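The structure appears right after this line, and notes come after that.
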Amino acid sequence: MSTVLLREDGDGLWTIGPTGAPAFSAAAPPLDTMVLEVVGGHLGWSLLAGEAVPAAVLHDLDEAQEWLWAMYGERVALAVADRQAVELPAEPALPALVAQARRLAYAHWAARWWPASTIDGIPALDQRLLHTEIATLTEACESIVNGADADLEPVQAAPVTLGRAEDYALAAGSGARHGELVFGRGSGGWDWRRCPPGLVDASEHAVSWELTRAEGTTHVRVRAVAAPQLGAPPAHLHPRVLLDTSVGAIDTELHLVGDTWQGSASTSAEAVAGVHVYVPGVGPDMPSRAGHDERERIRDLVAARLRRATTDDSLLLAEIAAAASDSDF
């Protein structure tokens, strides 16, 4: 039987978390945190840890009494009512509701963080199927959900057909022109938190750059493979790129050319130390190199789910449909 720890975290917030699990913050959770807004607070599960019992951040303890007994049991509900910092067993009165809430949180997570990638062979989810299932699950969880989550939705546009994974295997350095000297190039991933979903391929090889020189001028060129099924997003959602170079930062816009975001700038730099793709106003203000391992684990988990789509009825309908279309991806 799982146990949970109740404690006050200051500013009137109380948390409930599985014993031994890291503290859950509704403000800045890790990429694998599945968050669900509920009456009086938020619930959160770690996708990678496979947690069944959620953590909770409560801002209104009285309102949360409407569902605490169902999710954690009567003893936990009474302890919260009495403002007791204590460790207790989690004994959900409605385990089926807990399972539905977790599934709804996962569906919201998939709408934001599903790592669709042409390069890695992970197909995009059908957004209509996904949103329909979210609506159905929201109705099933009506007793605890405080309205629909305000997650940023994927970019909606008429889809275009992208190339296959092998078309991007050697993307880095593919833009050199006749007579140019290429003296630096590289490729890597990007911080998923810094772009809306559905804009850029989620692979760790999606972004490539090269330094070239011709006729006394040095240019840095950047390419980022577009996300599968991307059409023509509005101009305010076009990504930009921030380059850390040997002579300082360079910030330039990217334009969609076919199925690739592309940009360039002249520079006196002789080296590029980092390339950060972002959309202004989305995610953290500063680029971060953290999260590579977490993104890799998320891709592995998603790929494993798609492989068992025909035998696992716990998957979302959009995942099952994506797996069925994978042969044409």
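Not measured: the values here are computed from a predicted model. Residues take their numbers from the sequence shown, with the count starting at 1. Excluded from the calculations below are hydrogen atoms, water molecules and symmetry mates; all remaining heavy atoms, backbone and side chain alike, are included.
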- Identify the two heavy atoms, one from S143 and one from L97, that lie closest to each other, and give their separation to 0.1 Å. OG-CD2, 3.8 Å
- Query: Given side chains that start at C-beta, do those of V222 and T252 come closer than 4.5 Å, heavy atoms only?
  - Reply: no
- Task: Give a yes or no answer on whether the side chain of R103 reaches the backbone of S314 with a donor-acceptor pair at less than 3.5 Å.
- Result: yes
- Task: Look only at the side chain of T260 and the backbone of L256, and say whether a donor-acceptor pair between them is shorter than 3.5 Å.
- Result: no
- Task: Calculate, to the nearest 0.5 Å, the distance between atoms CG and CD belonging to L68 and E74 respectively.
- Result: 12.0 Å
- Message: Looking at E210 and R223, is any side-chain nitrogen of the basic one under 4.0 Å from a carboxylate oxygen of the acidic one?
- Response: no
- Please test T19 against T3 for side-chain hydrogen bond (donor to acceptor under 3.5 Å, both in side chains), starting from the C-alpha separation and ending with a verdict. CA-CA 6 Å; T19 303; T3 60; 2.7 Å; yes
- Query: side-chain hydrogen bond (donor to acceptor under 3.5 Å, both in side chains) with S46: which residues, sequence neighbours excluded?
  - Reply: D32
- Do V86 and V53 belong together in a cluster built from hydrophobic side chains that touch within less than 4.5 Å? yes
- For the residue pair L6 and V76, establish whether any side-chain heavy-atom pair is separated by less than 4.5 Å. yes
- Hey, does W114 have a side-chain heavy atom less than 4.5 Å from the side chain of L130? no
- Is there a donor-acceptor pair under 3.5 Å between the side chain of D201 and the backbone N or O of S203? yes
- Cluster link L315 to I122, ILVMFWY, side chain under 4.5 Å: no
- May I have the step-by-step check of side-chain contact (heavy atoms from CB on, under 4.5 Å) for Y278 and R240, ending in yes or no? CA-CA 5 Å; Y278 75 101; R240 299 182 65 87; 3.6 Å; yes
- With a 4.5 Å heavy-atom cut-off, do L31 and W192 have their side chains touching? yes
- Item | Whether Y72 side chain and A93 backbone form a donor-acceptor pair below 3.5 Å | no
- Query: Is D293 salt-bridged to R295, going by a charged N under 4.0 Å from an acidic O?
  - Reply: no
- Got E204 and E296 here, is their nearest side-chain heavy-atom distance under 4.5 Å? yes
- Item | Residues which pass side-chain hydrogen bond (donor to acceptor under 3.5 Å, both in side chains) with R75, listed by chain and number, not counting sequence neighbours | none
- Task: Can you establish whether the number of heavy atoms outside R83 located under 6.0 Å from its atom CZ is more than 12?
- Result: yes
- Task: Say whether, by atom type as modelled, one donor and one acceptor occur between the side chain of R307 and the main chain of A323 under 3.5 angstrom.
- Result: no
- Query: After noting the C-alpha distance and the side-chain angles of F183 and T212, does the key distance pass the side-chain contact (heavy atoms from CB on, under 4.5 Å) rule?
  - Reply: CA-CA 6 Å; F183 63 95; T212 65; 5.8 Å; no
- Inter-residue atom distance E133.CD - E319.CD, 0.5 Å rounding: 8.5 Å
- Would you find a donor on one side and an acceptor on the other, under 3.5 Å apart, between the side chain of E37 and the backbone of V145? no
- Item | Spatial distance of atom CG (D126) from atom CG (L129) [nearest 0.5 Å] | 4.0 Å
- Message: Quick one, R194 and D191 - any side-chain contact, counting heavy atoms below 4.5 Å?
- Response: yes
- Report the residues that fulfil side-chain hydrogen bond (donor to acceptor under 3.5 Å, both in side chains) with D60, sequence neighbours left out, ordered by chain and then residue number. none
- Message: On a heavy-atom basis, which atom in I119 and which in A206 lie closest, and how many Å separate them?
- Response: CD1-CA, 3.7 Å
- Message: Quick check: closest heavy atoms across A202 and S117, and the distance to 0.1 Å?
- Response: N-CB, 4.2 Å
- Task: Say whether D120 and H205, considering side chains only, have a donor N or O and an acceptor N or O under 3.5 Å apart.
- Result: no
- Query: If you round to the nearest 0.5 Å, how far is CD of E253 from CD of Q262?
  - Reply: 13.0 Å
- Query: Is R297 salt-bridged to E294, cutoff N-O under 4.0 Å?
  - Reply: no
- Message: Assigning hydrophobic clusters by single linkage (Ile, Leu, Val, Met, Phe, Trp, Tyr; side-chain heavy-atom cutoff under 4.5 Å), is L301 placed with L316?
- Response: yes
- Message: Which heavy atom of W109 sits nearest to which heavy atom of T33, and what is that distance?
- Response: CD1-O, 3.6 Å
- What are the two closest non-hydrogen atoms of G44 and E51, and how far apart are they? O-OE1, 4.5 Å
- Message: Does E91 have more than 12 heavy atoms from other residues, nucleotides or ligands lying within 6.0 Å of its CD?
- Response: yes
- Query: Side chains of R193 and W113: does their closest heavy-atom pair fall under 4.5 Å?
  - Reply: yes
- Answer with yes or no after comparing the ring centroid distance for W261 and H238 against a 6.0 Å cut-off, counting only values under it. yes
- Query: Taking side chain as C-beta onward, heavy atoms only, is T218 less than 4.5 Å from E270?
  - Reply: no
- Query: Honestly curious: do W209 and V257 fall in one hydrophobic cluster under the side-chain, below-4.5 Å linking rule?
  - Reply: no
- Spell out, yes or no, whether L254 and V282 are grouped together once hydrophobic residues are joined by side-chain heavy atoms under 4.5 Å, including indirect joins. yes
- With R305 as the cation and Y106 as the aromatic partner, state whether NZ or CZ is under 6.0 Å from the six-membered ring centre and within 45° of the axis. yes
- Candidates L243, V220, V182, L181 - the one meeting side-chain contact (heavy atoms from CB on, under 4.5 Å) with L211: V220
- List the steps and the verdict of side-chain contact (heavy atoms from CB on, under 4.5 Å) for L104 and L36. CA-CA 8 Å; L104 175 57; L36 185 64; 3.6 Å; yes
- So how far is it from T15 OG1 to H42 NE2, rounded to the nearest 0.5 Å? 14.5 Å
- Task: Identify the two heavy atoms, one from A322 and one from L125, that lie closest to each other, and give their separation to 0.1 Å.
- Result: CB-CD2, 4.0 Å
- To the nearest 0.5 Å, tell me how far I16 CD1 sits from R7 CZ. 11.0 Å
- Message: Has R102 got a side-chain atom pairing as donor or acceptor with A105's backbone, closer than 3.5 angstrom?
- Response: no
- Task: Would you sort out whether W69 and L94 count as a side-chain contact (heavy atoms from CB on, under 4.5 Å), showing the intermediate values?
- Result: CA-CA 8 Å; W69 62 276; L94 298 177; 3.8 Å; yes
- Query: Going by distance alone, is a donor N or O of one side chain under 3.5 Å from an acceptor N or O of the other, for R185 and S208?
  - Reply: no
- Query: Quick one: does W67's side chain have a donor or acceptor within less than 3.5 Å of a partner on V39's backbone?
  - Reply: yes
